[in-house]
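Below is the structure I would like to discuss, written out as structure tokens.
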Amino acid sequence: MAKLQAIRGMNDILPDQTPNWQYVEKCFQAVVRRYGYREIRFPILEQTQLFKRSIGEVTDIVEKEMYSFDDRNGDNLSLRPEGTAGCVRAADQHGLLFNQQQRLWYQGPMFRHERPQKGRYRQFQQFGVEAFGMAGPDIDAEVIQLSASLWQDLGLENYLTLEINNIGTAEDRKRYAAALTAFLVFHAEELDDDARNRSHSNPMRVLDSKNPDVQEALKGAPALVDYVSDESVIHYSELKSLLTQVGVEFTESPRLVRGLDYYNNCVFEWTTDSLGAQGTVCGGGRYDGLVEQLGGKPTVAAGFAMGVERLVLMLDSLGKIPEATAQVIDVYMVVVGGQLAGSAVLLAKQLRQRFPEIGLITHCGGGKYSNQMKRAFNSGARLAIVLEAESEQPLETVKIRHLIDSGDSVSVEIANCGDKLAEILGISE
RNA sequence: GUGACUGUAGCUCAGCUGGUAGAGCCCUGGACUGUGACUCCGGUGGUCGCGGGUUCGAACCCCCGUCAGUCACCCCA
């Protein structure tokens, strides 16, 4: 019988790696707290319709990457491929949006059926923030600044670059898309199949094609800038001014087009060249029309999401994860002789009650002294408490041995073990 | 979804032109050591990703399929 294995593209994160994740999570939570964002949690499963209506019917995500299925009631459900749609649905359903401002954050797994690759998995973890009810460019700037704060805390500020672009309003893009389609149809012979197919369905996606021939053909194509309304232009230039004032560097990328339909006005991406082909670590922008599109009252919004796997990969390869994040044990209790098991569990219980912060492993499974000591050293503990019977008499003393500093050991009466431990570990009660 | 490369013990790898597998580390037993780590001796562990085909016989420098990984395309976080 073949061994069962994890679903392709869905990874187990093992104990050696989890401290790295906890480190990133801790940093992220510290930053969002600093900016006054509150956590929201919403289901991993939603009606497929939610994603079709928000992300867009003709996007790659909806067309070929969603995990969709009929449940036992015959409802068509999908594992969420991103967080914004569910966040909007949840916030609106519970009346958090109408006539209000909200700063929200979330974290959790997303699912897309893509071919796995470094930094791209079928189940992947995202952090995101969404801000509702604020129309000005100041909230756009805040959201971007928040992400920049995180890079600073993680020590990544020199490894990520910010690209921004103004994609105008939905109306602007409708007019632009028409003009672009006309251009692409005229130049159809110079395009590749992929570009040709998109000329009608999603012409703006053709713009960021990596095919040099396509890029060559695009010379002379109508520019989005010329179709963007004055209002958008002003909003965008105010955002740029704010970013400059706050010291967030950026480059403008006229070709930056996000793959989800709900974005409008300013969009942005943080990218790195240290992750190979999956260079985008964080992306977002404004989505003023989405709430209404999903049936809510018109509510402006902006937000972003970042890929945690990519961040962890980056931090790991750059050596930016502090040593101290790994979980360590403080005390390893060595128990030689089966008749001491009762004394051991009792002492351990008392110590754990008295020092709730320390980590204490009691050796289980018996074995001779030398092997237990070996485990004690390998555990990384600072101290070993040694319970060893000298005779048939009840145990009166234990040894406390330094494992890291000196190797010295002291004998203490079992009743005074806690006091001695507090003294050595410098715990004040 | 497309292409290229890769897949041998828990880990890192070796295996000459086809004849049914080895090393180091790890783990473990013992010796030694004033009770772990040095040194010495011994041991566990692999139907060579899986399934077929070619061959008297393939881990193999043969073929096909399949699964998985890596990288690129694509996509996006």
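All heavy atoms count here, side chains included; hydrogens, waters and symmetry mates do not. Chain letters run A, B, ... following the sequence lines, proteins first, then strands; residues in each count from 1.
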Counting heavy atoms from C-beta on, name the nucleotide in U28(B), C74(B), A77(B) closest to the side chain of Arg375(A).
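From the listed options, U28(B) comes nearest.
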
Which nucleotide in the list U35(B), G36(B), A68(B) gets nearest to the side chain of Gln5(A)?
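From the listed options, A68(B) comes nearest.
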
Between G30(B), U35(B), A77(B), which nucleotide gets closest to the side-chain atoms of Phe124(A)?
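Closest nucleotide among those given: A77(B).
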
Under 4.0 Å between any heavy atoms, over every strand shown, what does Gln278(A) touch: base, sugar-phosphate, or nothing? Just pick one.
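Counting heavy atoms under 4.0 Å across all strands, the contact made by Gln278(A) includes a base.
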
Within the 4.0 Å heavy-atom criterion, would you say Arg112(A) contacts the bases, only the backbone, or no part of the nucleic acid?
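Counting heavy atoms under 4.0 Å across all strands, the contact made by Arg112(A) includes a base.
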
Using a cut-off of less than 4.0 Å, is there contact between a side-chain N or O of Asn371(A) and OP1 or OP2 of G29(B)?
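It does, given that an N or O in the side chain of Asn371(A) lies less than 4.0 Å from OP1 or OP2 of G29(B).
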
Could you identify the nucleotide paired to G1(B), looking across every strand shown and requiring Watson-Crick or G-U wobble geometry with both distances under 3.5 Å?
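For G1(B), the partner nucleotide comes out as C73(B), under the 3.5 Å rule.
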
Hey, does Gly9(A) reach any base, or is it just sugar-phosphate, or nothing, if we go heavy atoms under 4.0 Å?
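It contacts sugar-phosphate atoms only.
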
Could you list by number each residue of residues 114-123 of chain A showing a heavy-atom separation from RNA chain B of less than 4.0 Å, or answer none if no residue does?
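Heavy-atom contacts with RNA chain B come from Glu114(A), Arg115(A), Gln117(A), Lys118(A), Gly119(A), Arg120(A), Tyr121(A).
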
Think Arg8(A) has a side-chain N or O under 4.0 angstrom from the OP1 or OP2 of G69(B)?
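Result: yes.
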
Whole-Å gap separating P (G36(B)) and CD1 (Ile385(A))
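That distance rounds to 19 Å.
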
Using atom CZ of Phe127(A) as one end and atom P of A77(B) as the other, report the distance to the nearest whole Å.
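Atom-to-atom, Phe127(A) to A77(B), this comes out as 16 Å.
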
Decide if the gap between the ring center of Trp105(A) and the ring center of Tyr35(A) is smaller than 6.0 angstrom.
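They do not qualify: ring centres at least 6.0 Å apart.
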
May I have the distance from Leu260(A) (atom CG) to C75(B) (atom P), rounded to whole angstrom?
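Checked: the CG to P distance equals 13 Å.
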
Whole angstroms only, please: what is the NE2-C1' distance between His402(A) and U35(B)?
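About 18 Å, once rounded to whole Å.
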
Nearest to the side chain of Ser370(A), heavy atoms from C-beta on, is which of C27(B), A77(B), U35(B)?
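Side chain of Ser370(A) sits closest to U35(B).
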
Can you tell me which nucleotide in C75(B), G36(B), C27(B) comes closest to the side chain of Glu65(A)?
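Of the options given, the side chain of Glu65(A) lies nearest C75(B).
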
